[in-house]
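Working notes for the structure below.
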Amino acid sequence: MELFEKLLEMTAIEAFMSSPLSLLMLVLSFILLYLGIGKGFEPLLLVPIAFGMMLANFPGGNMAVVNADQVKDFHLLQIAREYGIMNMLYFTLIKTGLLPPLIFMGVGAMTDFGPMLRNLRLAFFGAAAQIGIFSVMIVAVLIGFTPKEAGALGIIGGADGPTAIYTSIILAPHLLGPIAIAAYSYMALVPIIIPLVVKWTTSEAELMINMKEQESLYPSKMVIKNLQRVKILFPLVLGFFIFLLVPSSVPLVGFLLFGNLVKEIGQATNRLYQAASETIMNTATIFLGLTVGATMTAESFLTPQTLLIVGGGFVAFAISIAGGIFAVKLYNLFASKKINPLIGATGLSAVPMASRVANEIALKYDKTNHLLQYAMSSNISGVIGSAVAAGVLISFLS
Amino acid sequence: MELFEKLLEMTAIEAFMSSPLSLLMLVLSFILLYLGIGKGFEPLLLVPIAFGMMLANFPGGNMAVVNADQVKDFHLLQIAREYGIMNMLYFTLIKTGLLPPLIFMGVGAMTDFGPMLRNLRLAFFGAAAQIGIFSVMIVAVLIGFTPKEAGALGIIGGADGPTAIYTSIILAPHLLGPIAIAAYSYMALVPIIIPLVVKWTTSEAELMINMKEQESLYPSKMVIKNLQRVKILFPLVLGFFIFLLVPSSVPLVGFLLFGNLVKEIGQATNRLYQAASETIMNTATIFLGLTVGATMTAESFLTPQTLLIVGGGFVAFAISIAGGIFAVKLYNLFASKKINPLIGATGLSAVPMASRVANEIALKYDKTNHLLQYAMSSNISGVIGSAVAAGVLISFLS
Amino acid sequence: MELFEKLLEMTAIEAFMSSPLSLLMLVLSFILLYLGIGKGFEPLLLVPIAFGMMLANFPGGNMAVVNADQVKDFHLLQIAREYGIMNMLYFTLIKTGLLPPLIFMGVGAMTDFGPMLRNLRLAFFGAAAQIGIFSVMIVAVLIGFTPKEAGALGIIGGADGPTAIYTSIILAPHLLGPIAIAAYSYMALVPIIIPLVVKWTTSEAELMINMKEQESLYPSKMVIKNLQRVKILFPLVLGFFIFLLVPSSVPLVGFLLFGNLVKEIGQATNRLYQAASETIMNTATIFLGLTVGATMTAESFLTPQTLLIVGGGFVAFAISIAGGIFAVKLYNLFASKKINPLIGATGLSAVPMASRVANEIALKYDKTNHLLQYAMSSNISGVIGSAVAAGVLISFLS
Amino acid sequence: MESINQILLLLVVGMVTVFAILSLVVGMGNFLILLVNRLEENNQKQDKVADAHAAVITSVVSIVTQGKAQIVKIIKTK
Amino acid sequence: MESINQILLLLVVGMVTVFAILSLVVGMGNFLILLVNRLEENNQKQDKVADAHAAVITSVVSIVTQGKAQIVKIIKTK
Amino acid sequence: MESINQILLLLVVGMVTVFAILSLVVGMGNFLILLVNRLEENNQKQDKVADAHAAVITSVVSIVTQGKAQIVKIIKTK
Ligand code: NA
Ligand code: NA
Ligand code: NA
């Protein structure tokens, strides 16, 4: 019998009995794994997040990220000794805010500003589509979130994973898990959310506005004679102004533009491009996913706040999409060269999924209306828009 | 003359005179380099280990890993300042237990569970072949090792580098160097050890049991209609039960299964697979090798314990192989569908070398007896077996 | 009006007004970017250095590396919390001296000692070309630099980026920025500096010495029957002696030779070669560049010392080149098999640029005088020469 | 002697656990194979991504990425 | 109520800033395109690396690297 | 003045060391070349992996890895 007791003691079975909610968390992690693997919802992030969540919820596995108060003033070797490698990774890579800028460097190295530069005018709509961030923030304050928490919740409406994670780390690290889950899930659900909001807010006539037709009716005078050179100068000059006006966005936008710069320079900095877009990006994604997942224990996740975040995140997405659409409608009231409101719908970012969805919707109404290149313009500018919005929130709230 | 004194002072010559054993360590490091490069013994590990050993034994080079007591409560910047970069790397990456799980993630990403799933029954023999671990542990306690040291010594019989290193880090970090050397050396010597043990324990008739013949005599009813889907579900479901029953094995098995999962999902998580199997794996291998090598200074390595570890490691390997073989013999007593005892011999792991060796031996006795696919089943299950055994040891002894 | 005030407060505009010199630093960073991107001056290093410099000089961006005294006894999580991720990276990766050895590992993995082994005699001139290091050091002490600072300044004459950075980190971290800039800029300017010094110090007759002609007049008896095996043994045996005589050079030379070893072993250690020459190298280059750049704030950079470093660095380069040339001339006085003085000019290192420049100059005077392979010998030995010189400086001054 | 008893117990616990886990590997593996086989039989008729649909996806990706990306594999997710 | 006022102000500040930055994106982008177009027109005649020169570079690299490296792209830098 | 003397001494020590190390490079290099040449001469007759043996290895690897790996190089180790 001693043997059986020893065996039982070693297992996590008794511990599960005393905290049965951990089992619920395991079920949730399997659901997320199903969404990531079976349904293809942002698998690069959802699979490691869900796996980290699973590991964290086995009592005795020593993989759950502990409350920051527990490791106050600990140095990282102490954290590793007391709470294991997952906490070491979390407090070194995530809590310090290191990984989101590194991932943004990779995003920059994989972003082509070409479509935006060819349709610069449309970049405006990436601004209007940030309205969901601030609207939901206000609602969140009204229903009892602190301003910091409200800001972190609102930023889900920026439809940008690293931006949402970075903002949460700084403003409300205790909500990091649900915010990351909500951000990536809704980004994966963009093919459902955008058509829904579009149906509520636009008419068939508007959706039939053919971008190429408008282009030939009112041709742009602008010709780009050396796109490559423009693309090298663009991150430098743009950086100068953004850093000047919103210095708190430097960690995100700075690394984004650096990654983009080493890509556009080409062969001469190819080694840096490889590091930014592959080596660092892929490694950072694994560690970000696993550690963010490991923050989601029953105690930290199964709270009313999580439900509000999941709900609020959806509202923020919807308002952002509607914001972009109404900005286009407003523009169309005054301009003779009309814009398809779908171009506004992609302003929230979720690159490049949103653009593909917009393109598909447009083709349904007019088989010749290939507006993908146009949608990419507001789509990409939405990334800059939400990173700047994050900078403003951090600057005012932290 | 002042010049000559100054020059001499700068060199390591005087220091070597006061610690001539360091020269012996250099000779050992060159022998290991010869084995790794000239003889092809696990060069990926033995070359960096030997090089780290060489660097560590030049007095004044500041590359030897110091005793953990000397850096008690130091944070890593202090360690770097006082004891240089090798200690910084060692105490951050190894002493915390970080690298072995990361390497196991890579092992998982390079492991195909297919051969095991196609011959599941044979996976049992990966359990019997762990007996060497526990037998040698008992002997070690009897001859005076502490239980923790004995557990770390026994785990050499698991024939799995990262598992042995991880267990040593936790149970007996002062023995890490010789245990790592013994583990990787005997894994390299599997082509010599397995034939030896097989000769001692099996008859020619047994070695002539033809697996494919048995298969056609007693065909299995099981058909796998979608191996890919099974391979995705397998790490998840298996993980659930292992983590539940042996939560202390989560750092090893959890990362192994995560690496395997991102491989099997395929294109959707290819970036994670790249990071796990290349970027992280290769980088971790360099740092693991160099720092483990750098723990082997004359004081820490030239002890009677090292000889006992080298001897005990060999015995553990031999017993594990014999354990697997006898388990097959026992099975054959009762079953009509016979199994070649070589399938048991590969249960200790040392993937895939052990399977190749078993295959070669079988072919010597029967030119049609290609049992590689069968051997891989117990071979791979032996990896899980020893990781679980390590979890049990850690859970009971640490 | 409150709105406008709030907006202004968020920006860096007011801060720039109180520290207008930061604007000058931004101008300098754009000049460096122009040199790196537009002129192709060592873009792999100058682009990240310049970008880091730009980020650091936006007040409020929290990207400037602070004085080491400010973070005395801080552990890295504290540094991250108080001073942001750039300081975290700097104090973990640079101040500890970690990255230059890792980069040297990559340099080793990309260096082929073949040309040097085929023309071993010429390797001597890599020694003479280190004279610039020590001469400028003496001058620097005379004009008021401390010996440590003088050593760090002199090492620019080694024409080797990682060596210069490593030496500065240890001897004079407050001068790291300008020394790194000077080292990489003059390495990029080698196509201008070498011809200049050659013109001042050599006659046309000397430049017309045809290496292949000399070779056929006085053929070498040495034949290499198995270059591959020599190349594997070479780093090991050479390492033994260098580590014995100058143990303080182990962090640089040890990692260089390890990288070279895993390259020369070939397929068996290909994974380590990949990690050394790609994964670690590229990642380290990004972080080295950005953080070194981020040390250059107006306060730390706009000092008289910076001008002296820029001037002294040039003098060190010139003296080193002349040193190599005069060593050849001296040799030619006594030997009948003459050597083209351009072989001496490449001894300072700046591999492989210096050799290409020497080759081009030689071809101007004699269209058949392809001396590239010969120049590579002294060129590569110059890397070892300056790493050893750095070891001596560190050993005596730190 | 106490210590030796503990260590002997550890041998038993260890081998029992290892056998238990590898039994689970075998059992679970067989169960998963059967489960997936069952699912396969049900889904077999509807499990191909229509060729026409695939062609559209391929061409869209080609446009978006200006020919830099290509479709390696299309997985039906619903 | 204080807090709500602050948050409303933050909405205004935030949206103003985002619009300002994206106006800069548009303005700056147009300016850069025009600037580069102007530079292009001036440089157009002298902007090709002579084929002869390229051949020399290619062969030198091939010698230095013993055929292991190849010229991917030659950029004129002055 | 003390300091200047030290620095001058450092110049001498430094250059002497650098010359010593590079002499070792030359000497050691020549020694290794001769040593390896000698070894080569002795081993020359027995230094090839038999083609038949290589074919077996290649096919085994191909089976084990289901065609995913290929033999890049076979080194004789004993
Ligand atoms: Na956005
Ligand atoms: Na094993
Ligand atoms: Na040099």
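A, B, ... follow the sequence lines: proteins, then strands. Residue 1 opens every chain.
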Heavy-atom cut-off 4.5 Å, strictly under: side chain, backbone, both or neither for A:I232 against chain C?
side chain

Could you give the distance from CG (A:L236) to OH (C:Y34), rounded to the nearest 0.5 Å?
13.5 Å

For A:T92 and C:L77, work out which heavy atoms get closest and say how close.
CA-CD2, 4.0 Å

Turns out that what part of C:S29 lies under 4.5 Å from chain A's heavy atoms comes down to neither

Tell me which of these, A:V262, A:N270, A:D73, has more heavy-atom pairs under 4.5 Å with chain C than the rest.
A:D73

What's the separation between atom CE in C:M63 and atom CZ in A:F255, rounded to the nearest 0.5 Å?
5.0 Å

If one checks every heavy atom of C:L26 against chain A at 4.5 Å, the contacting part turns out to be side chain

Contacting moiety of A:I170, where chain C heavy atoms sit under 4.5 Å
neither

Where on C:L8 is there a heavy atom nearer than 4.5 Å to chain A: the side chain, the backbone, both, or neither?
neither

Rounded at 0.5 Å granularity, tell me how far CD in C:Q78 sits from NE2 in A:H75.
10.0 Å

A:L272 to C:N282 - nearest heavy-atom pair and separation
CD2-O, 4.4 Å

Chain C interface, residue from A:S248, A:P251, A:G239 that has the most non-hydrogen pairs under 4.5 Å
A:P251

Choice from C:V47, C:T285, C:N62 maximising heavy atom contacts with chain A below 4.5 Å:
C:V47

Non-hydrogen atoms of chain A under 4.5 Å away: do they reach the side chain of C:F74, the backbone, both or neither?
neither

Tell me, for C:P48 versus chain A, whether the close heavy atoms (under 4.5 Å) come from the side chain, the backbone, both or neither.
both

C:I286 to A:A275 - nearest heavy-atom pair and separation
CD1-CB, 3.8 Å

In terms of heavy-atom proximity below 4.5 Å to chain A, should C:M10 be classed as side chain, backbone, both, or neither?
both

If you measure from OG1 on A:T96 to CD1 on C:I79, what distance do you get to the nearest 0.5 Å?
11.5 Å

Give the minimum heavy-atom separation between C:P59 and A:P247, together with the two atoms involved.
O-CB, 3.6 Å

